[in-house]
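Remember, it's a predicted structure, so these values are computed and weren't measured experimentally. In what follows, every heavy atom counts, from backbone to side chain, and hydrogens, waters and symmetry copies are set aside.
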Amino acid sequence: MNTFDTDVLIVGAGPSGLMLAGELRLAGIPVVVLDRLPEPMRQSRALGFSARTLEEFAQRGLLTKFGELETIPIGHFGGLPLDYRIIEGGNFGVRGVPQSFTEKVLAEWALGLGADLRRAHEVVGLEQDEDGVTVEAATEAGPVRLRARYVVGCDGARSAVRKLSGIDFVGTDATMEMKMADFTGVRVPIRPTGQVGEAGMVVVLPLGPEAIRVVVFERGAGVRPTQEPPTFEEVADAFQRVTGEDIHAARPLWTSYFTDASRHAADYRKGRVFLAGDAAHIHLPIGAQGISAGVGDVVNLGWKLAAALKGYAPAGLLDTYGSERQPVGAGIVANTLVQRSLYLGGPEMQALRDVFADLITLEQVQRRLVGAVTGLDIVYDAGEGHPLLGRRLPEQDLVVADAKTTTFELLTPGRPILLDLHDNAQLRATAAAWSDRVDTVTATRPDPDAPAASLLVRPDGYLAWVSPDGSPDGLSEALTRWFGAPLTAA
C-alpha cells in the first residue's frame, strides 16, 4: 500500500508539533498535523521559553510576532541564585508569554506556509511497514485512516504515538504534586522565583494587569490519586496552609497541576516513527525547559526529514536525531531532578544545599549550570577539528552586498548556509556542487578588526565546518557528511 496522504504526519498541535510543521513547510514538504482537541487551548501551563529557544525563533523570523519580550538576567538553580549573564548573551529566557500565545504564533506561521491542521482527531491506531506508516484517528464523523511516509509523535506525556509504537518510557513515578490556579479579584505579594518555608513552597506570578497565578507545593501532601485537576478550593486551602494568606474569595479562571514524574523515551526513533517534546521526555517544569526541549527536538529533526524525503540525505542522517537529542533530553531530566531535591527537599537535603551553595560561587560551575538550563551549551558531534564545531552560531551582524543583515536573518529560510567571510573563490567553487540544497553567502563583518571565520551552518544553526583562515580543507567532506553526495563529481 504505497498511496500516501502526506509525507509527514505530525500528531499533536502544541509548540513542538507546530514548529515542526513550519520547519517542514519551509523545505516544501507536505505535512498534516492531527490534534485531539477541537480548538486550541486557551490556558497555559508554561509562561515563557529559554534563551536557546529565543534564538531558534529568531532564526526563523518569528520574534517580531511576539511583540515586546522581557528576558530574565538573574534567576536560580534549585533555589540558589544564579546570574545568567555570566556567559556572553546569557539570559534565562523569556517570561510572561503564555503557551497559548506561543502556539498561536506558531500555528499562524505553519498554516501560512501551507501546513494542514486537522483538529478533533484522536489517534487510536498505528501500523508501520518498510514504506510508510498508517494511522487511524477517531473523529466525530467516524474513524479516519491516513498514510504517511513518516510519523512524528508530538502528542505529550501520554503520547498515543509512543504507546502504539511500543517505545518504552523509562523513569520514575510522581512523588510530589504542585497545584496551580489562575484567578482575579484578590491581590497577594508577587514571588516570581518562589518562596520556600517549612510547610512548602509557593510561586506567585502576575498574568497581565488583573490576573495572578499561584503554584503551591505542600510538603507531605503526596500525590492525589486522580488525573483530574484540583478544585480552586483545594488550591486555596493549600496556599493558606503554606503561606497563611487567604485567596478563597478570588474568582478562579483555571486550575491545573503537575508532578515530579520524570521519564525519558528509550528511543526517539522506531523505524519511520519519531518522538519529540513531552512525548519523548517529561520532568518537573522548572525553568521553561519543557517547551524549549521540544522546540530544540523538532528544529533538529525537521531538516533531516526533509533531506530524507528529497532523496539526498546521507546514510545515517536520520539516526543523528536520536544521537544528538537524547543526551539533551537526559540532561534536562537529570537537572530538574537535582533542582527538585535542592528546592523542595526537606531538612534531609540541607547538606546537599550547603555543598551546592559553595560550588555555585565558582565561575566554572555557574557557566556550566547556566548553559545546561538555557540550552546555550549544547554541542553536537560534528567531528574532530575546531573547538566551535557542533556548537550553535550566535546572532552576529554581517554585511552582504553592501546591505546589513545578521546570521539569524540568513537562516530564516531554513536552508544550510556556507558563510564565506574570506571572499574565497575556492570555497564557493567547492560548494557549487551542493548548490541545490546549500546556499553560499559571501559576507563581511561590520567591524574590520573582528575575527572572521568561514562557516558551514546547518539549518538548525549549528556549525558543521569552521575555517579560521578561509581554507577549503575539509569542506567537501563536511558537505557530504551532512547534506549528501554532490550534484556532480568534484
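Remark: Arg458 engages Glu324 in a salt bridge, criterion side-chain N to carboxylate O under 4.0 Å. Residues Glu55 and Arg392 are paired through a salt bridge, judged by an N-O separation under 4.0 Å between the basic side chain and the carboxylate. Using a 4.0 Å cut-off between charged side-chain N and carboxylate O, Arg241 and Glu218 make a salt bridge.
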Donor-acceptor contacts under 3.5 Å from residues 119-126 side chains, at least two apart:
unit_1: His121; atom_1: ND1; unit_2: Arg119; atom_2: O; d: 2.8

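Legend: residues meeting ring pair (Phe, Tyr, Trp, His ring centres under 6.0 Å) with Tyr380, ordered by chain and number and at least two apart, are Tyr462. The side chain to side chain donor-acceptor pair (under 3.5 Å) search around Gln99 returns Glu103, not counting sequence neighbours. Take Tyr268 and apply the ring pair (Phe, Tyr, Trp, His ring centres under 6.0 Å) test, not counting sequence neighbours, and it matches His264, Tyr321. Among residues two or more places apart in sequence or in another chain, the side chain to side chain donor-acceptor pair (under 3.5 Å) test is passed with Glu70 by Arg95. Taking the side chain to side chain donor-acceptor pair (under 3.5 Å) definition, one finds that Gln366 meets it with nothing, sequence neighbours left out. For Trp303, the ring pair (Phe, Tyr, Trp, His ring centres under 6.0 Å) partners two or more places apart in sequence, or in a different chain, are Phe483. Qualifying ring pair (Phe, Tyr, Trp, His ring centres under 6.0 Å) partners for Phe77, counting only residues two or more places apart in sequence or in other chains: none. Looking at residues two or more places apart in sequence or on another chain, you find no side chain to side chain contact (heavy atoms under 4.5 Å, CB included) involving Thr64. Evaluation of the side chain to side chain donor-acceptor pair (under 3.5 Å) rule for Glu363 yields Arg367 as partners, not counting sequence neighbours.
Ring-centre distance between His248 and Phe232: not below the 6.0 Å cut-off.
To the nearest 0.5 Å, atoms CZ (Arg60) and CD (Glu409) are separated by 13.5 Å. Separating the CZ atom in Phe258 from the NZ atom in Lys179 is a distance of 11.5 Å, to the nearest 0.5 Å. Between atom CG of residue Asp267 and atom CZ of residue Arg162 there is a gap of 12.5 Å, rounded to the nearest 0.5 Å. Taking OG1 of Thr6 as the reference point, atom CG of Leu146 lies at 8.5 Å (rounded to 0.5 Å). Atom NE2 of His281 and atom OG of Ser262 lie 12.5 Å apart (nearest 0.5 Å). We find the CZ-CG distance between Arg36 and Asp155 to be 9.5 Å, quoted to the nearest 0.5 Å.
With contacts defined as side-chain heavy-atom distances shorter than 4.5 Å, the pair Phe92/Leu82 does not qualify. Residues Arg85 and Pro73 meet the side-chain proximity criterion, which asks for heavy atoms closer than 4.5 Å. Proximity of Val188 to Ile247: side-chain heavy atoms (C-beta onward) are separated by under 4.5 Å at one or more points.
Identified under the side-chain hydrogen bond (donor to acceptor under 3.5 Å, both in side chains) test for residues 270-279, with sequence neighbours left out: none. Residues in residues 201-210 take part in no side-chain hydrogen bond (donor to acceptor under 3.5 Å, both in side chains) pair, two or more places apart or across chains.
Asp83 places no side-chain N or O within 3.5 Å of a backbone atom of Ile74 that could act as its donor or acceptor partner. Under a 3.5 Å cut-off, the side chain of Ser165 and the backbone N or O of Ile167 do not form any donor-acceptor pair.
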Problem set entry | Evaluation steps, salt bridge (Lys or Arg N to Asp or Glu O under 4.0 Å), between Arg191 and Glu245 | CA-CA 13 Å; Arg191 283 154 275 194; Glu245 300 167 32; 3.0 Å; yes

Exercise. For Thr320 and Lys304, what are the C-alpha separation, side-chain angles and deciding distance, and is it a side-chain hydrogen bond (donor to acceptor under 3.5 Å, both in side chains)?
Worked result: CA-CA 9 Å; Thr320 67; Lys304 297 173 182 178; 2.9 Å; yes

Problem set entry | Val295 and Phe49: CA distance, side-chain angles, deciding distance, side-chain contact (heavy atoms from CB on, under 4.5 Å) verdict | CA-CA 10 Å; Val295 170; Phe49 40 82; over 6 Å; no

For this session: Output, in order, the C-alpha distance, side-chain angles, deciding distance and verdict of salt bridge (Lys or Arg N to Asp or Glu O under 4.0 Å) for Asp35 and Arg118.
Result: CA-CA 6 Å; Asp35 196 88; Arg118 305 180 190 182; over 6 Å; no

Problem set entry | Residue pair Arg325, Asp297: steps toward the salt bridge (Lys or Arg N to Asp or Glu O under 4.0 Å) verdict | CA-CA 6 Å; Arg325 293 304 299 178; Asp297 287 344; 2.8 Å; yes

For this session: Show your working on side-chain contact (heavy atoms from CB on, under 4.5 Å) between Leu34 and Leu9 and close with a plain yes or no.
Result: CA-CA 8 Å; Leu34 304 183; Leu9 182 66; 3.7 Å; yes

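With no hydrogens or angles considered, a side-chain donor-acceptor pair links Arg147 and Thr134 at under 3.5 Å. Side-chain polar atoms of Thr259 and Glu177 form no donor-acceptor pair below 3.5 angstrom. A donor-acceptor contact closer than 3.5 angstrom links the side chains of Thr175 and Asp260. At a cut-off of 3.5 Å, with distance as the only test, no side-chain donor of Asn335 or His283 sits close to an acceptor on the other residue.
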